[in-house]
Amino acid sequence: MNRVRGKLILITGASSGIGAACARRFAADGANLVLWARRRERLAELGVELERGHGVAARLAQVDVRDRAAVNRATAELVAAAEVPDVLLNNAGLASGLAKIHEGDPDDWDRMIDTNLKGLLNVTRAILPHMVARRRGHVVNIGSTAGHMTYPMGNVYNATKFGVRALTEGMNLDVAGTPIRVSSVDPGYVETEFSEVRFHGDKERARGVYQGFRPLTADDVADAIAYVVNLPEHVNIVDLVIVPTAQRNVYVVDREQD
Ligand code: NDP
Ligand code: 8X3
């Protein structure tokens, strides 16, 4: 059964990777979309593709989730147009750098904390009150296996994703007494632009992360998210961990040797 058709789904970080794959998947399922990210041109191309390909509406906005005023402005525009999302997918996020804590770059730390934690909070604080007011909605946070177990040099990224897990639990408690659902989908290795961003544009190093085993694709994760969102309203997946079969824990991976 398709419970997504005709719903309005807001995706942050929709310009690539998991966010873009979810946009394509939800559009194919007949949902209308609100797509936020910083790279406007990417969003514009995706919006045209989805509207032409699936006949759904895609409302785009260049929103940096770290910019609370911009998030509030974009939300106010939605509310004024009576377009309160049925589903909020808090996906925008990144890792920046991979270094020991005593050698790390505090600018990288700011980037991760400001995006993965404060950005998610900015968007949730803006959108959730409208869901609570109409007693309808589903928030899906993208966590990570990195939020379940630390790995060497993951430190601050790990901390942000442990934090996302705490926020998912806390948000679920806070919406008690309403039918609103809060879920977390926590992937392991997914081949997207994630590692290229982490390594500040070093494509070769990024490719190495996924060598010797078959990582998840963004579409694999979109499938899992579509499952979570499509469940009947009395069913909530609080936390779904999805990894490539070769990934045995956060940092033990069966890799073929050359
Ligand atoms: P990508 O780098 O491909 O996508 C990240 C998305 O986040 C982009 O659309 C980017 O858009 C957006 N984004 C980053 N910073 C901001 C910001 N300040 N404001 C708005 N949007 C922003 O990586 P993934 O698709 O892999 O990452 C998506 C989520 O999945 C992240 O939260 C990540 O932590 C998580 N994740 C990824 C895993 C992986 O192995 N790939 C595994 C587990 C979790 P733009 O640059 O245009 O703003
Ligand atoms: C992304 C997965 O293990 O590269 O959250 O940190 S990992």
Side-chain angles (χ1 to χ4, degrees), residues 10-24 34-46 60-68 70-71 74 89-98 110-123 140-165 167-168 184-201 203 205-206 208-210 213 215-222 224-225 240-244 246-253:
L10 165 56
I11 302 174
T12 68
S15 60
S16 76
I18 295 168
C22 286
R24 292 192 174 96
V34 180
L35 306 177
W36 290 359
R38 293 167 300 176
R39 286 171 291 179
R40 180 192 282 283
E41 278 176 21
R42 291 267 200 117
L43 289 181
E45 279 170 28
L46 182 60
L60 321 172
Q62 185 174 31
V63 178
D64 183 332
V65 296
R66 296 172 298 180
D67 181 346
R68 191 172 296 148
V71 167
L89 180 56
N90 273 321
N91 164 75
L94 79 177
S96 195
L98 185 72
D110 286 345
R111 218 166 279 134
M112 290 186 275
I113 293 166
D114 290 349
T115 309
N116 301 358
L117 285 174
K118 291 170 71 181
L120 181 146
L121 286 169
N122 289 339
V123 177
V140 182
N141 295 326
I142 302 304
S144 170
T145 48
H148 292 259
M149 186 188 268
T150 54
Y151 54 83
M153 298 185 283
N155 46 61
V156 176
Y157 181 69
N158 287 127
T160 64
K161 291 299 184 178
F162 270 73
V164 169
R165 197 144 66 90
L167 286 173
T168 301
S184 182
V185 174
D186 300 349
Y189 282 120
V190 193
E191 191 162 12
T192 61
E193 294 174 22
F194 175 86
S195 290
E196 204 179 313
V197 171
R198 163 169 259 173
F199 299 131
H200 305 300
K203 287 187 198 306
R205 190 171 175 201
V209 172
Y210 309 107
F213 73 104
L216 298 175
T217 65
D219 287 338
D220 293 327
V221 181
I225 295 169
L240 188 155
V241 178
I242 172 171
V243 293
Q247 185 175 7
R248 302 302 169 171
N249 80 4
V250 167
Y251 54 93
V252 175
V253 180

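Not measured: the values here are computed from a predicted model. Each residue takes its place number in the sequence, starting with 1. Order of appearance sets the numbers: ligands from 1, and atoms from 1 within every ligand.
With ligand atoms numbered from 1 in the order given, ligand 1 contributes 17 (C), 18 (N), 19 (N) to contacts under 4.0 Å with heavy atoms of Asp64. Interface atoms of ligand 2 facing Ala146, defined by a heavy-atom separation under 4.0 Å, are 6 (O). Heavy-atom proximity to Glu193, at under 4.0 Å, picks out these atoms of ligand 1: 2 (O), 3 (O). Residue Gly17 has at least one heavy-atom neighbour below 4.0 Å for each of these atoms of ligand 1: 3 (O), 25 (O). Those atoms of ligand 1 that come under 4.0 Å of a heavy atom in Gly143, given as number and element, are 43 (C), 44 (C). Atoms of ligand 1 found under 4.0 Å from any heavy atom of Ile18, numbered from 1 in the order shown, are 25 (O), 26 (O), 30 (O). Those atoms of ligand 1 with a heavy atom of Gly93 less than 4.0 angstrom away are 5 (C), 7 (O), 31 (C), 32 (O). For ligand 1, the atoms closer than 4.0 angstrom to any heavy atom of Lys161 are 32 (O), 33 (C), 34 (O). Heavy-atom proximity to Tyr189, at under 4.0 Å, picks out these atoms of ligand 2: 4 (O). Close contacts between ligand 1 and Tyr157 involve ligand atoms 33 (C), 34 (O), 36 (N), 44 (C) [criterion: under 4.0 Å to a heavy atom].
A salt bridge does not link Arg24 with Glu45: none of the charged nitrogens is closer than 4.0 Å to a carboxylate oxygen.
For ligand 1, the polar-atom distance check finds an N/O of Arg38 within less than 3.5 Å of one of the ligand's N/O atoms. Considering backbone and side-chain N/O of Ser15, one or more are found under 3.5 Å from N/O of ligand 1. Looking at Tyr157 next to ligand 2, an N or O pair under 3.5 Å apart turns up. Annotation: Ser16 places an N or O atom under 3.5 Å from an N or O atom of ligand 1; distance criterion only. For ligand 2, one of its N or O atoms has an N or O atom of Ser144 under 3.5 Å away. Taking distance alone, with nitrogen or oxygen atoms compared against 3.5 Å, Gly19 stays at or beyond that limit from ligand 1. Checked against a 3.5 angstrom limit, the closest N/O atoms of Gly13 and ligand 1 fall inside it. Any N or O atom pair closer than 3.5 Å counts here, and Val190 shares at least one such pair with ligand 1.
When the heavy atoms of Thr192, Val197, Asp114 are ranked by distance to atom 26 (O) of ligand 1, first place goes to Thr192. Considering each of Gly188, Ala20, Cys22, the one bringing a non-hydrogen atom nearest atom 42 (C) of ligand 1 is Gly188.
Of all protein heavy atoms, the one lying nearest to atom 43 (C) of ligand 1 is Pro187 O, 3.1 Å. Looking only at heavy atoms of the protein, atom 4 (O) of ligand 2 is closest to Phe194 CE2, 3.6 Å. Atom 35 (C) of ligand 1 has its closest protein heavy atom at Ile142 CG2, 3.8 Å. Nearest to atom 21 (N) of ligand 1 among the protein's heavy atoms is Ala92 CB, 3.5 Å. Of the protein's heavy atoms, Asn91 O, 3.3 Å lies nearest to atom 31 (C) of ligand 1. Scanning all protein heavy atoms for the shortest distance to atom 19 (N) of ligand 1 gives Val65 N, 2.9 Å.
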>> Working note: Gln247 + Thr145, criterion side chain to side chain contact (heavy atoms under 4.5 Å, CB included); need CA distance, chi angles, decisive distance, verdict.
In response: CA-CA 10 Å; Gln247 185 175 7; Thr145 48; 4.2 Å; yes
>> Does Tyr189 form a ring pair (Phe, Tyr, Trp, His ring centres under 6.0 Å) with Phe194? I'd like the steps, not just the answer.
In response: CA-CA 10 Å; Tyr189 282 120; Phe194 175 86; 8.7 Å; no
>> Please evaluate residues Asp64 and Trp36 with respect to the criterion side chain to side chain contact (heavy atoms under 4.5 Å, CB included), reporting the C-alpha separation (whole Å), side-chain torsions for both, the decisive distance (0.1 Å), and the verdict.
In response: CA-CA 8 Å; Asp64 183 332; Trp36 290 359; over 6 Å; no
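Around the CZ atom of Arg111, the shell of radius 6.0 Å holds more than 12 heavy atoms that belong to other residues, nucleotides or ligands. No more than 12 heavy-atom neighbours from other residues, nucleotides or ligands sit within 6.0 angstrom of CZ on Arg40.
Using a 4.0 Å cut-off between heavy atoms, Glu196 makes no contact with ligand 1 at all. When heavy-atom distances to ligand 1 are checked against a 4.0 Å cut-off, Val63 comes that close only through its backbone atoms N, CA, C and O. Contact annotation: for Thr115 versus ligand 1, heavy atoms closer than 4.0 Å belong to the side chain alone.
At least one heavy atom of Tyr151 sits less than 4.0 Å from an atom of ligand 2. Using 4.0 Å as the threshold, Arg42 has no heavy atom nearer than that to any atom of ligand 1.
Asp186 places no side-chain N or O within donor-acceptor distance of the main-chain N or O of Ile142, the cut-off being under 3.5 Å.
There is no side-chain donor-acceptor pair under 3.5 Å between Thr150 and Asn158.
When each of Leu10, Thr12, Leu43 is tested with Leu35 by the rule side-chain contact (heavy atoms from CB on, under 4.5 Å), just one qualifies, namely Leu43.
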